[in-house]
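Remember, predicted model here, so these are calculated numbers, not experimental data. Here is the naming used below: chain letters follow the sequence lines, and residue numbers restart at 1 for every chain.
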Protein chains: 2
Amino acid sequence: MRADATDMPEFSPRQNAVLEQALRLLVEGGEKALTTSGLARAANCSKESLYKWFGDREGLLAAMIAHQASKVRTFERSGERLTADLLRDHLELFARDLLEVLAGDVSLALNRLAIGQATREGSKLGKLLLEHGRRQIDRRAMALIDQGKRAGLLRFDNADAAYHTLYGLIVSDLHVRMLLGEPGLKDNARQAERAVASFLTLHGTQKQSADVLGVSAGR
Amino acid sequence: MRADATDMPEFSPRQNAVLEQALRLLVEGGEKALTTSGLARAANCSKESLYKWFGDREGLLAAMIAHQASKVRTFERSGERLTADLLRDHLELFARDLLEVLAGDVSLALNRLAIGQATREGSKLGKLLLEHGRRQIDRRAMALIDQGKRAGLLRFDNADAAYHTLYGLIVSDLHVRMLLGEPGLKDNARQAERAVASFLTLHGTQKQSADVLGVSAGR
DNA sequence: CCTTTTGCGTACCGTACGGTACGGTTCTGC
DNA sequence: GCAGAACCGTACCGTACGGTACGCAAAAGG
């Protein structure tokens, strides 16, 4: 879904280039590397222009989040008749995409930035990040499991709870670990398989083979 | 397990009081509120003493993590014969404790601090936080599910994978959301129940009633 | 062709930080 | 009771940040 040009200001190509440099600096050196002087130098623009375009530093950070979110568009692939195998495939694709997004350099850097700013009373940046970065992926997953339920392939009372279960099975504590600087998984696909298998065991309507779950061998 | 006095320096009462003030400042105002001058003022000590005791700012942060970890000791309650109900109770208690710890002000503030410092190449603080803060709780859970397996109440091939499943079911994306400034759960106990019920459905050897899972109603 | 706007580069300002130095005071060991 | 260490309060230093001001080049527009 394309953002409405009215409520969500898009930026000029020049400004987008500057925001791209800002993201690069942030990814490479963390928050302390993202200074107005440094950005002006890296992007070949003046500090005055930065303040004219983005207001202040927080405005710049918000613009960076909006810019990054505008790049990650998720396609709504709906309509086709769901089978059990198809549902599993789509769930695994979602899981792999989710893991890949969360492990991305820019995603990690922006999350670190927003978390570093946050306090007990909440954070403007945190809200922005959750809304812009998460809504897309949440919608995709919710649409998928809702479709699965309508097709009689999934059963649950609360779609939100079911989605959170799926999310937890996929991500576990991996996101926080990566935010803290640990390396990601060696094999996202395997983790995706295991998570979806578990999810289908919990909320699927058909018997699961469970061989990927590692519980069939008995020992 | 008490830390060995040789490799892990404990601090004097005076230093612990200073570290306590440092944690208070960090919790109340985030990283930017934790300045050497501010801490010296709040703790009625001199900046010179701070540098003498902790070396530099990073040393202070590390000391804060060690200090906080030394307060959260988990008791190893082992030995008793496990039944299915007892296992479920212990798992739910673990889940509630985990949620409570993660939602704690000090835990959130320290995680925000370490994450804010982290870069792509990793973070000294992040490593410290994972080792000190996580090892305790990990050991407790691993011991518990291992005991459950030996008692024939749980089945899994990989204890680590099973634990990560349990962790994901309990926490989902709640930790990151709280780190970003969102409020916690209204009812940790209910979440703990649901997570443990799911976990037992996946890895338990007995049929689960599943009424708390919200999948029995059929609709 | 001339004017107006836009934006670059640089210099500048106030502030606040991490870290150090020093004089005076309290605590400690003998 | 006294010498020495530990420590407090404060002043100080260099630096680097966010944000502003200005001079000048280049593009836009009529």
is_close_aromatic(Phe94(A), His90(A)), centroid dist under 6.0 Å: no
More than 12 heavy atoms from other groups under 6.0 Å of CZ on Arg41(A): no
Gap between atom CZ of Arg120(A) and atom CG of Asp105(B) - 0.5 Å precision: 5.0 Å
Go along nucleotides 5-19 of chain D 5' to 3' and tag each nucleotide: B for a protein heavy atom under 4.0 Å from its base, S when only backbone or sugar atoms are that close, - otherwise. --SBB-------SBB
Which residue pairs pass the ring pair (Phe, Tyr, Trp, His ring centres under 6.0 Å) test when at least one of the two sits in residues 34-64 of chain A, sequence neighbours left out? Phe11(A)-Phe54(A)
Compute whether any side-chain donor of one residue and acceptor of the other, for Glu31(B) and Gln117(B), lie under 3.5 angstrom apart. yes
